[in-house]
Asker: 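Handing you this structure, nothing more for now.
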Number of protein chains: 2
Amino acid sequence: MDKDNDQDAQEPYRLDRQVGFILRRASQRHLSIFSELIPEVTPTQFAVLAKLVETGALSQNALGRITAMDAATIKGVVDRLVKRGLLTTVRDDKDKRRMIVGLSKEGRALYRELEPRARLITEQTLAPLEQHEQEAFLAMLARIC
Amino acid sequence: MDKDNDQDAQEPYRLDRQVGFILRRASQRHLSIFSELIPEVTPTQFAVLAKLVETGALSQNALGRITAMDAATIKGVVDRLVKRGLLTTVRDDKDKRRMIVGLSKEGRALYRELEPRARLITEQTLAPLEQHEQEAFLAMLARIC
DNA sequence: GATGAATTGTTGGTATGCAAACGGATTTTG
DNA sequence: CAAAATCCGTTTGCATACCAACAATTCATC
């Protein structure tokens, strides 16, 4: 008798075995490491700085798209970074709906200071896994996005 | 010449390669699947219902601990579920600080209705991975918590 | 070139999530 | 037993996150 074929032999639903729940706890641990190593900004704020360094100035919504934030979310993040003087915004002349968001000198300087620590965050978060596991894990994680 | 030993041959920092960023996107996809299949409650609210079914009534803070929510967060979640009539709360006689949180009849009934769909959520979220990959992935994910 | 469709940014509402501070109850310890 | 430490629940403040609705602008199409 195969136990998988026992009628009504349903596995109990265990919360700690569900992806969603484990994902949330992993995010919590990552956040904890992040704010330990980089107390200056939040992960989403850092994502904005990093993407602007990668790609240069962008419209606010486009910035939201490549950092995976919806229009309402990116607005709040940009507003707070502008208020801290890390970003600058200019209305686009060619498309008067657009706000072009770019790094200020302070924003660029802060990013240079934080980048090495950001590398450590990924390292520490993945530390429980062996080197070859880390690559396999990241590849699979990226596939379920 | 090993490229890993080239002096200053630092890999550029790529946001899309960092655990934190990919974790966030994976959570977003999971949330999207969740609210598609279970629009009635949020993932955290469902976690509370599921844990109460697993373990029976608990004090509010204890409930928060096993569902990975801090005291401030679990309070909001419990309040909203009580307001909807899915949970009941009673002061503990033996320890007058404690609020014992339990499922109401409606809460239990709703959970029974949702559980099958909750299984589908995990299934669909992991669908991009092969069966054996899913197990390896969940095991590694659990290790970085 | 007018008009319907799509895009951009904004606002308001709801729901996590964490930190810090607080009063009250209980436990530990000297 | 009394003081100290801890635990419980609460509140406030801040920062994501998503949805839905909206006005202004631009685009697509006829």
Side-chain angles (χ1 to χ4, degrees), chain A residues 20-21 23-36 38-49 57-84 86-87 89-101, chain B residues 20-21 23-36 38-48 58-84 86-87 89-101:
Chain A
F21 186 69
L23 267 178
R24 189 160 65 83
R25 287 201 297 122
S27 300
Q28 286 172 344
R29 173 159 167 273
H30 173 264
L31 176 61
S32 154
I33 294 172
F34 191 103
S35 48
E36 181 89 19
I38 300 189
E40 290 92 337
V41 296
T42 65
T44 42
Q45 290 173 2
F46 182 79
V48 165
L49 300 182
L58 285 171
S59 81
Q60 184 174 290
N61 274 10
L63 182 58
R65 279 191 294 272
I66 62 172
T67 51
M69 302 179 211
D70 82 341
T73 302
I74 191 65
K75 183 190 181 353
V77 177
V78 167
D79 282 355
R80 283 181 285 273
L81 289 174
V82 167
K83 195 194 258 182
R84 287 183 49 183
L86 301 173
L87 298 184
T89 56
V90 191
R91 273 248 172 264
D92 189 348
D93 280 335
K94 290 171 275 287
D95 187 338
K96 278 175 285 190
R97 296 169 303 178
R98 283 200 170 94
M99 293 281 282
I100 305 297
V101 182
Chain B
F21 186 69
L23 267 178
R24 190 160 64 83
R25 287 201 298 124
S27 300
Q28 287 172 344
R29 172 157 168 275
H30 173 264
L31 176 61
S32 154
I33 294 172
F34 190 102
S35 47
E36 182 88 19
I38 300 189
E40 291 92 337
V41 297
T42 65
T44 41
Q45 290 171 1
F46 182 78
V48 164
L58 285 171
S59 82
Q60 184 174 291
N61 276 8
L63 182 58
R65 278 191 295 271
I66 62 171
T67 51
M69 302 179 212
D70 81 340
T73 302
I74 191 67
K75 183 190 182 351
V77 177
V78 167
D79 282 356
R80 283 181 283 273
L81 289 174
V82 167
K83 195 193 260 182
R84 286 184 49 184
L86 301 173
L87 298 184
T89 56
V90 191
R91 273 252 172 259
D92 189 349
D93 282 335
K94 290 171 276 287
D95 187 337
K96 277 174 285 189
R97 297 168 302 178
R98 286 199 169 94
M99 290 281 281
I100 306 297
V101 182

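Chain identifiers are assigned alphabetically (A, B, ...) following the order of the sequence lines, protein sequences preceding nucleic acid strands; residue numbering begins at 1 within each chain. It should be emphasised that the depicted structure is a prediction, and the values quoted were computed from it without experimental measurement.
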Asker: Rounded to whole Å, how long is the line connecting atom CE of B:Met99 with atom C1' of C:dA25?
Answerer: 15 Å
Asker: Phosphate oxygens OP1/OP2 of D:dT16: is one of them under 4.0 Å from a side-chain N or O of A:Thr44?
Answerer: yes
Asker: For C:dC18, does OP1 or OP2 lie under 4.0 Å from any side-chain N or O of A:Gln28?
Answerer: yes
Asker: Between atom CG in A:Asp93 and atom P in D:dT25, what is the gap in whole Å?
Answerer: 14 Å
Asker: Between A:Ser35 and C:dC18, does any side-chain N or O lie under 4.0 Å from OP1 or OP2?
Answerer: no
Asker: Could you give the CD1-to-C1' distance, from A:Ile74 to D:dA15, as a whole number of Å?
Answerer: 13 Å
Asker: So what does A:Ser59 hit on the nucleic acid, given a heavy-atom distance under 4.0 Å: a base, only sugar-phosphate, or nothing?
Answerer: sugar-phosphate
Asker: Write down the distance between CG (B:Leu31) and C1' (D:dT16), rounded to a whole number of angstrom.
Answerer: 13 Å
Asker: Passes salt bridge (charged side-chain N to carboxylate O under 4.0 Å, His left out), A:Lys75 versus A:Asp79? Steps please.
Answerer: CA-CA 6 Å; A:Lys75 183 190 181 353; A:Asp79 282 355; 2.8 Å; yes
Asker: Categorize A:Asp95 for me: base, sugar-phosphate, or nothing, with a 4.0 angstrom heavy-atom threshold over every strand shown.
Answerer: sugar-phosphate
Asker: Using whole Å, report how far CZ of B:Arg84 lies from P of C:dT14.
Answerer: 14 Å
Asker: Does a side-chain N or O of A:Arg24 approach OP1 or OP2 of C:dT16 to a distance below 4.0 Å, or not?
Answerer: no
Asker: Describe the nucleic acid contact of B:Lys96 in one word from base, sugar-phosphate, nothing, applying a heavy-atom distance below 4.0 Å.
Answerer: sugar-phosphate
Asker: Between atom NE2 in B:His30 and atom C1' in D:dA17, what is the gap in whole Å?
Answerer: 15 Å
Asker: Picking from D:dG9, C:dG17, C:dT10, which would you name as closest to the side chain of A:Gln60?
Answerer: C:dT10
Asker: Once you apply a heavy-atom cut-off of 4.0 Å, does A:Thr73 come out as touching a base, just sugar-phosphate, or nothing?
Answerer: base
Asker: For C:dT8, take OP1 and OP2 only and decide whether either is under 4.0 Å from a side-chain N or O of A:Arg65.
Answerer: yes
Asker: With distance as the sole criterion, do the side chain of B:Arg98 and the base of D:dC8 form a donor-acceptor contact below 3.5 Å?
Answerer: no
Asker: For the pair B:Arg98 and B:Arg91, evaluate side chain to side chain contact (heavy atoms under 4.5 Å, CB included) and give the outcome as yes or no after the intermediate values.
Answerer: CA-CA 6 Å; B:Arg98 286 199 169 94; B:Arg91 273 252 172 259; 5.9 Å; no
Asker: The side chain of B:Arg80 lies closest to which of these nucleotides: C:dT11, C:dA15, D:dT10?
Answerer: C:dA15
Asker: Check whether any side-chain heavy atom of A:Arg80 sits under 4.5 Å from a side-chain heavy atom of A:Thr42, and report yes or no.
Answerer: no
Asker: Hey, does B:Thr44 have a side-chain heavy atom less than 4.5 Å from the side chain of A:Arg24?
Answerer: yes
Asker: Quick check against the 3.5 Å criterion: does B:Ser35 have a side-chain atom that pairs as donor or acceptor with the backbone of B:Leu31?
Answerer: yes
Asker: When the nearest nucleotide of DNA chain D is assigned to B:Ala71 and to A:Gly76 on a heavy-atom basis, which residue is associated with the more 5' position?
Answerer: B:Ala71
Asker: Calculate the interatomic distance between B:Leu58 atom CG and D:dC8 atom P; express it in whole Å.
Answerer: 12 Å
Asker: Could you check which of D:dC8, C:dA15, D:dT11 has an atom nearest any side-chain atom of B:Ala72?
Answerer: D:dT11
Asker: Which is true for A:Arg91 with a 4.0 Å heavy-atom rule: it touches a base, it touches only sugar-phosphate, or it touches nothing?
Answerer: nothing
Asker: Just wondering, do B:Ile74 and B:Val48 contact through their side chains at under 4.5 Å, heavy atoms?
Answerer: yes
Asker: Indicate, yes or no, whether a donor-acceptor pair under 3.5 Å links the base of D:dT26 to the side chain of A:Arg97.
Answerer: no
Asker: With a 4.0 Å cutoff (strictly under), does any side-chain N or O of B:Lys75 reach OP1 or OP2 of D:dG9?
Answerer: no
Asker: Specify the separation, in whole Å, of atom CG of B:Asp92 and atom C1' of C:dG24.
Answerer: 15 Å
